[in-house]
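Below is one structure, written out as structure tokens; the observations come after it.
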Amino acid sequence: MVDDLQRAGSGQLDPTSLLPPAEPVHLLDPDGTLHEDPDHPVGLDDAALLELHRTMIITRRVDREAINLQRQGQLGVYASCLGQEAAQVASAWALQDEDWIFPSYRELGAAIVRDVDPADLLHLFRGTWLSDHDPYEHRFALLSIPIGTQALHATGFAMGARFDDNPIVTVVYFGDGGTSEGDPHEAMTFAGVMRAPVVFFVQNNQYAISVPLAKQTAAPTLAHKAIGYGLPGYRCDGNDPLATYAVTRRAVERARAGHGPALIEALTYRMEAHTTSDDPSRYRSDEELEAAALTDPIVRLRNHLRNRDLLDDATERRFEEEAAERAQAVRDAIYDAPHGDPLELFDHVYVAPRADLAAQRDELRAELARREDDDGGAA
Amino acid sequence: MVDDLQRAGSGQLDPTSLLPPAEPVHLLDPDGTLHEDPDHPVGLDDAALLELHRTMIITRRVDREAINLQRQGQLGVYASCLGQEAAQVASAWALQDEDWIFPSYRELGAAIVRDVDPADLLHLFRGTWLSDHDPYEHRFALLSIPIGTQALHATGFAMGARFDDNPIVTVVYFGDGGTSEGDPHEAMTFAGVMRAPVVFFVQNNQYAISVPLAKQTAAPTLAHKAIGYGLPGYRCDGNDPLATYAVTRRAVERARAGHGPALIEALTYRMEAHTTSDDPSRYRSDEELEAAALTDPIVRLRNHLRNRDLLDDATERRFEEEAAERAQAVRDAIYDAPHGDPLELFDHVYVAPRADLAAQRDELRAELARREDDDGGAA
Amino acid sequence: MTVTLAQAINRALTDAMAEDDRVLVFGEDVGRLGGVFRVTDGLQSRFGEQRCFDTPLAESGIIGTAIGLAIYGYRPVAEMQFDGFTYPAFEQLVSHLAKLRNRSRGTLTLPVTVRIPYGGGIGAGEHHSESPESYWVHTAGLTVVSPGTPDDGYAMVREAIASDDPVIVMEPKRRYWMKADIELPVTAPPAHEALVRREGTDVTIVCYGPMVRTALDAAEAAEEEGWSLEVLDLRSLSPMDTEAIVASVQRTGRAIVVHEAGRSLGLGAEVAARVQEAAFYHLEAPVLRATGFDTPYPPAKLEGYWLPDVDRILDLVERSLAY
Amino acid sequence: MTVTLAQAINRALTDAMAEDDRVLVFGEDVGRLGGVFRVTDGLQSRFGEQRCFDTPLAESGIIGTAIGLAIYGYRPVAEMQFDGFTYPAFEQLVSHLAKLRNRSRGTLTLPVTVRIPYGGGIGAGEHHSESPESYWVHTAGLTVVSPGTPDDGYAMVREAIASDDPVIVMEPKRRYWMKADIELPVTAPPAHEALVRREGTDVTIVCYGPMVRTALDAAEAAEEEGWSLEVLDLRSLSPMDTEAIVASVQRTGRAIVVHEAGRSLGLGAEVAARVQEAAFYHLEAPVLRATGFDTPYPPAKLEGYWLPDVDRILDLVERSLAY
Ligand SMILES: Cc1ncc(C[n+]2csc(CCOP(=O)(O)OP(=O)(O)O)c2C)c(N)n1
Ligand SMILES: Cc1ncc(C[n+]2csc(CCOP(=O)(O)OP(=O)(O)O)c2C)c(N)n1
Ligand SMILES: [Mg+2]
Ligand SMILES: [Mg+2]
């Protein structure tokens with residue numbers, strides 16, 4: 001099947017094989033019932049399923065902590081991933097360790113899979129510094145604010161891997177709104193032509209801030225965009241961790257095998273406000289929110305694990321405790337974290353030292369000295 | 001059928017109806033044999049067919065004149081439409097007079113349909129001025145050099161028409177290369193959502209300067225891009241004037257009827273160099289060119305008219321003579337045309353007068369006066 | 001009546017839309033949500049979805065369709081959500097919005113208003129705090145204005161919408177909540193006239209947008225030191241009221257330009273170049289610049305060190321007076 | 001050996017690719033065709049399609065993938081086909097290429113070279129003759145250089161590719177066919193050092209890129225009038241060698257900046273601002289600017305009136321000396 005999809009772009013096969021199936025891939029019902037699908041084998045053992053659950057629980061807990069921190073004035077703003085834990089955690093889970101992730105600003109779940117310290121990400125939202133983790137250590141690029149722009153970075157990186165015969169894959173996350181920008185379009189164009197091993201993972205959480213999907217595009221589905229670049233378009237229930245995992249794994253391994261890029265649309269829902277600055281009551285109803293809550297990804301996997309007796313009360317408590325500890329660690333790292341050295345603002349702009357910047361740095365140093373004097377004098 | 005296509009975007013119908021048919025619409029064989037197709041009625045009477053032929057002949061002759069003028073140093077550069085006469089003339093023919101055309105830089109044929117004086121267009125290539133026709137008089141926007149950017153102007157204009165309940169349609173021309181830029185992507189996104197009456201007409205002439213289609217995109221066809229915006233994607237043999245006319249007419253009338261935008265891919269071939277500055281021998285073979293010549297759009301319609309005894313030698317001679325006269329008129333208007341008043345450079349930048357520009361205008365006026373003095377002194 | 005800058009602009013949009021149904025307001029989240037700063041609040045419910053609408057998330061698309069709408073005959077008012085998100089629209093702004101009229105030899109008229117909330121001071125960091133005005137001012141064909149007070153917010157937006165030229169309105173977002181006691185509608189001198197906001201005799205402080213308030217505060221503080229600062233609010237950045245600047249500098253003999261944008265080729269460079277040319281013999285000190293640094297916009301917690309403030313201005317006043 | 005600027009740059013690319021297989025060259029038509037100016041001629045046939053390749057027609061795509069390739073570990077050399085076609089890539093250039101290193105706190109290094117043929121004088125009109133350097137110079141995080149001679153063409157492109165910072169190389173396309181008698185490879189002082197191309201005592205002419213030749217011609221012509229002009233080639237526009245400019249102005253007491261870009265916030269504004277600040281007491285006349293006008297680039301037949309030339313420079317020399 002992988003080879004079929006590959007050949008479609010070159011006109012050797014019916015191109016409609018690039019279209020998404022009529023229904024998104026869905027394996028796990030809200031009550032936890034699993035529908036196996038031979039085209040989308042999950043292949044996760046029981047221990048892995050528990051790990052997935054654990055990671056989603058941690059994600060949700062840390063996410064809530066971030067919201068709390070913002071409410072307490074510790075963060076300037078925060079973009080929650082509540083409700084999108086499966087879309088993020090299960091997709092990131094489908095990667096090999098050497099594969100790279102290019103996130104937008106909402107991918108706390110993917111970051112936790114990659115062992116990025118959430119506090120390091122939150123420093124951006126606190127305004128301590130613009131980023132604070134090593135992308136190479138975690139194969140997790142910087143959070144990216146300008147919508148869709150990172151799709152090109154992921155594509156270029158994947159081109160590099162291909163040129164270098166390095167069997168790694170990149171996954172780039174962006175939103176339903178992001179599909180309208182020019183950059184993801186150009187990225188998919190380049191990826192298709194260059195057969196770059198990149199997976200475009202669209203979390204369709206139904207909104208771009210206040211703008212619902214119907215005002216974003218008239219496309220039948222976002223996965224229908226893929227064929228326009230010679231990419232297969234996949235769709236999955238993004239609140240179904242197993243479907244998300246299976247579909248992502250398929251796309252990632254296909255890319256790794258040299259069969260080129262793919263686009264995945266994961267259907268999910270943004271349960272929180274766009275960011276802590278947003279007021280969603282202006283544009284969506286309580287009923288809509290309540291309906292969406294019924295599709296909760298964590299409840300779903302929990303039900304499954306419970307049905308299969310893989311999860312007992314003690315384990316669950318352990319997960320919750322661990323999540324609380326992680327949240328506390330984040331809180332400890334963020335709360336009243338002092339700002340950095342303002343002189344560092346001049347340190348990373350260029351590799352090569354520049355006289356003009358050195359002079360401006362001296363100006364600021366002098367200002368700081370004067371401020372200290374003034375404060376000293378006032379005291 | 002029109003309504004079917006419209007409903008596809010809203011999920012009421014199988015979205016695959018937005019996909020192009022397996023084969024491009026083709027009605028006229030190179031030997032002039034017509035294959036009628038009930039889905040694509042032509043509906044042009046004999047007089048109209050002759051007019052179409054006449055316009056293509058004029059286009060080709062004026063195009064050649066422009067190349068000659070460039071060779072003689074009268075134009076700085078020129079982008080020929082040789083081989084694309086049917087794609088341009090027959091598509092523009094499908095419009096109502098009030099409809100607007102947004103061209104790229106290669107649409108001499110469409111301009112001639114709109115009675116734009118070719119010399120006015122050539123002033124851009126000569127460098128007399130950046131444009132020299134009234135877009136409102138001809139419903140023909142300015143030639144647009146930055147690739148694909150005009151697609152947004154056509155879309156905005158069409159949105160305006162829709163808001164204003166004005167039953168007009170816009171058609172925007174761009175090339176195969178243009179489909180890679182972000183702007184046409186954003187234009188189709190807006191058009192789909194806003195149901196703007198705009199037809200995106202892609203002349204796939206196989207090359208973007210030296211870059212062949214296969215390096216431009218991995219899409220099965222360019223028309224497969226349409227579904228990603230909820231637009232129907234049509235394809236036609238762009239060297240077949242009747243197929244081009246029928247397909248364009250269908251898309252245009254569908255848009256006029258309120259059923260939204262469409263994308264047309266017209267398959268054609270750029271018989272000349274990209275521009276007179278280009279050297280295509282560096283990237284394509286004589287054999288390829290010879291094969292393409294066999295699909296000549298003018299020969300094709302001529303054969304058809306001859307087969308049907310609609311075209312006799314005398315008429316043909318008359319067309320050729322008229323074309324020669326038109327070419328001569330262009331030559332007369334261009335040859336050694338003096339440059340304009342350099343002070344005019346300051347006249348159209350703003351509507352409101354600006355003191356800073358007036359001062360710079362005075363500087364130039366003074367420079368001109370000094371130059372005259374110097375020349376006078378030297379003489 | 002107490003009116004904030006955001007309210008004044010909202011009222012300007014409302015009045016313009018009420019008076020002329022060719023005025024359309026659109027952008028990301030400007031409809032139902034009323035814009036992330038609520039500047040377009042109530043417009044959609046009052047004028048309908050066709051007059052005030054949300055666009056897909058694509059800035060080039062917003063400016064490019066605004067151009068098409070203008071060619072059709074509308075008077076579009078496009079919002080860019082933040083300063084740092086204007087860059088994807090750069091091609092449409094710089095190659096088309098700015099130049100189509102000239103390219104058409106005056107046949108095409110583009111009465112487009114582009115509203116850009118800009119500048120820092122709200123604790124928001126990169127992309128949300130930038131001052132890209134130099135890019136527009138260097139671009140022939142654009143008119144660029146920046147209100148520093150609520151009344152100018154009202155008047156300039158009205159003037160921009162009424163103008164047949166494309167106008168970029170740089171709205172100082174940190175001043176959206178700044179209040180004034182005014183009755184709307186207000187009138188004001190045309191934007192291309194700079195205004196002396198406070199008279200003074202020692203040094204001219206040239207400022208605009210968010211820095212008008214800061215400059216006035218500096219003038220206040222300077223009084224304690226015995227320095228008399230004249231505060232000149234440029235209001236329009238392109239065209240720039242060189243005459244007013246020169247007239248003031250001829251009186252004071254000294255000038256300091258204040259802006260948040262980075263120093264190199266920030267507006268201060270142009271002011272300095274013009275002043276030294278037009279008032280060469282009047283200058284008793286070089287024109288100095290109190291600006292952001294030539295580094296990317298800093299993280300929120302450090303913006304206070306980066307942005308020009310009263311202290312930075314007064315340091316330069318002292319330096320200027322020492323010449 | 002007689003070498004044109006285009007050939008020198010071609011040789012620089014060849015040598016850099018031969019020395020380091022992480023160097024990749026790509027852009028529109030740079031492969032088979034060898035670029036519309038043939039600057040990349042022969043690279044694809046020598047180094048293969050993976051080292052030198054044509055991209056789809058999308059400038060944001062070119063710069064954005066260059067960034068990704070650089071993060072991976074390559075040293076991309078991206079060509080923008082013409083000055084006026086850099087604008088669709090503005091977001092990637094200004095928000096990412098320029099700032100990712102800073103954003104990453106120094107973790108990400110982006111050794112990307114962006115080559116831009118720029119400027120007028122070749123009879124090509126809008127989009128093909130523009131001088132957008134101010135946009136880059138105002139953008140923190142970019143290094144911007146412009147060679148005015150074939151040897152600098154070679155040396156600066158080598159230096160740009162060797163640099164771990166992103167470097168924009170503004171290539172004066174009207175000088176691509178300018179010849180020099182040199183043996184390649186040549187070495188040259190680092191680009192951030194301005195060079196006195198001709199010594200003089202009366203007025204300093206500050207120039208770069210395409211205007212170096214023009215300034216030298218003006219100096220030649222000035223001799224007949226008895227004026228001695230010093231020609232200072234900036235070479236690097238960001239950083240700018242302020243010290244060298246100031247040192248020269250301290251000798252001559254007068255300066256004129258020459259560039260094709262429009263005057264307002266053209267590089268001349270920054271030069272003037274710095275000179276009047278750093279050499280206030282040495283200036284005997286204001287810094288003057290011989291530049292393009294603040295209008296869109298003119299049609300080809302009128303570019304001769306628009307572009308600064310020897311006459312425009314000499315007029316200003318006269319004005320400067322009259323102070
Ligand atoms: C280029 C750009 N334009 C505008 C914005 C402002 N903005 C931030 S998030 C957002 C909506 C994004 O929606 P979507 O892509 O669906 O992602 P989501 O927030 O739902 O995860 C907008 C418009 C931005 N960050 N970048
Ligand atoms: C934004 C932009 N980038 C680059 C160019 C330079 N350029 C001019 S024509 C061309 C190729 C266009 O190919 P296509 O869209 O297929 O149209 P065609 O010339 O074949 O009609 C290129 C790259 C341009 N005009 N605009
Ligand atoms: Mg979303
Ligand atoms: Mg083409």
Side-chain angles (χ1 to χ4, degrees), chain A residues 75-77 123-131 145-149 175-183 185 208-212 215-217 274-275 277-280 282-284 337-349 354 356-357 360-361 363-364 366-368 370-371 374, chain C residues 27-38 41 49 53-62 64 81-82 84-89 91 122-129 262-264 290-306 308-309 311-312 314-316 318:
Chain A
L75 302 180
V77 68
H123 279 306
L124 168 63
F125 295 104
R126 178 167 173 81
T128 327
W129 195 260
L130 303 169
S131 75
I145 308 276
I147 301 292
T149 53
D176 43 311
T179 63
S180 296
E181 288 278 8
D183 275 7
H185 164 78
I209 307 187
S210 71
V211 179
K215 293 203 175 148
Q216 197 62 246
T217 181
H274 167 67
T275 66
S277 311
D278 180 36
D279 173 10
R282 294 177 79 102
Y283 56 82
R284 69 182 184 187
H339 64 66
D341 177 2
L343 293 175
E344 194 188 332
L345 292 177
F346 298 88
D347 289 355
H348 310 300
V349 187
R354 279 175 56 141
D356 53 353
L357 241 59
Q360 294 192 358
R361 194 172 188 276
E363 285 176 28
L364 179 57
E367 279 189 14
L368 293 173
R370 272 193 298 271
R371 283 193 203 193
D374 287 357
Chain C
E28 293 155 9
D29 304 288
V30 300
R32 196 118 175 233
L33 185 66
V36 294
F37 292 106
R38 305 293 183 269
D41 197 23
E49 283 214 40
F53 55 91
D54 291 328
T55 64
L57 208 178
E59 290 75 15
S60 192
I62 293 168
Q81 199 161 74
F82 282 92
F85 306 136
T86 53
Y87 307 142
E91 159 75 13
I122 64 160
E126 260 200 329
H127 316 296
H128 297 81
S129 301
R263 188 176 309 159
S264 288
T291 67
F293 296 109
D294 287 321
T295 68
Y297 200 85
K301 292 285 174 201
L302 299 177
E303 71 179 351
Y305 299 97
W306 194 91
D309 59 6
D311 287 342
R312 190 170 297 161
L314 294 185
D315 284 350
L316 291 185
E318 195 174 353

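All values below were derived from every heavy atom in this structure, side-chain atoms included, with hydrogens, water molecules and symmetry-related copies excluded. Order of the sequence lines fixes the chain letters, A, B, ..., with proteins taken first and strands second; residue numbering starts at 1 for each chain. In this text the structure is predicted, and so the values were computed from the model without any measurement.
- With values rounded to the nearest 0.5 angstrom, Thr149(A) atom OG1 is found 9.0 Å from Phe85(C) atom CZ.
- For Glu344(A), no part sits under 4.5 Å from any heavy atom of chain C, backbone or side chain.
- Between the CZ atom in Phe293(C) and the CG atom in Leu364(A) there is a gap of 4.5 Å [rounded to 0.5 Å].
- Partners of Arg32(C) according to the salt bridge (charged side-chain N to carboxylate O under 4.0 Å, His left out) rule, which considers only residues two or more places apart in sequence or in another chain, do not exist here.
- In this structure, the separation between CZ on Arg361(A) and OG1 on Thr295(C) is 12.0 Å, given to the nearest 0.5 Å.
- The existence of a salt bridge linking Asp41(C) and Arg282(A) is confirmed by a sub-4.0 Å separation between a basic side-chain nitrogen and an acidic carboxylate oxygen.
- Pairing each heavy atom of His128(C) with each of Ile145(A), the nearest pair is CE1-CG2, 3.6 Å.
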Given the rule in the side chain to side chain contact (heavy atoms under 4.5 Å, CB included) test, do Val211(A) and Leu57(C) qualify, once you have shown the distances and angles that lead to the verdict?
-> CA-CA 9 Å; Val211(A) 179; Leu57(C) 208 178; over 6 Å; no

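- Only the side chain of Asp315(C) comes within contact range of chain A, with heavy atoms under 4.5 Å apart.
- Heavy atoms of Phe37(C) lying under 4.5 Å from chain A are absent altogether.
- Between Pro56(C) and Thr217(A), every side-chain heavy-atom pair lies at or beyond the 4.5 Å cut-off.
- Arg263(C) touches chain A through its side chain: at least one heavy atom from C-beta onward sits under 4.5 Å away, while N, CA, C and O do not.
- Only one option out of Leu343(A), Leu345(A), Asp341(A), Thr128(A) pairs with Leu302(C) in a side chain to side chain contact (heavy atoms under 4.5 Å, CB included); it is Leu345(A).
- For the set Asp294(C), Asp54(C), Ile122(C), the entry with the most heavy-atom pairs within less than 4.5 Å of chain A is Asp294(C).
- Ranking Glu126(C), Glu303(C), Arg312(C) against chain A, the residue ahead of the rest is Arg312(C), based on heavy-atom pairs under 4.5 Å.
- Contacts of Arg38(C) classified as salt bridge (charged side-chain N to carboxylate O under 4.0 Å, His left out), with partners at least two apart in sequence or in another chain: none.
- Distance check, rounded to the nearest 0.5 Å: CD of Glu318(C) to CZ of Arg370(A) gives 8.0 Å.
- Heavy atoms of Glu59(C) lying under 4.5 Å from chain A belong to its backbone as well as its side chain.
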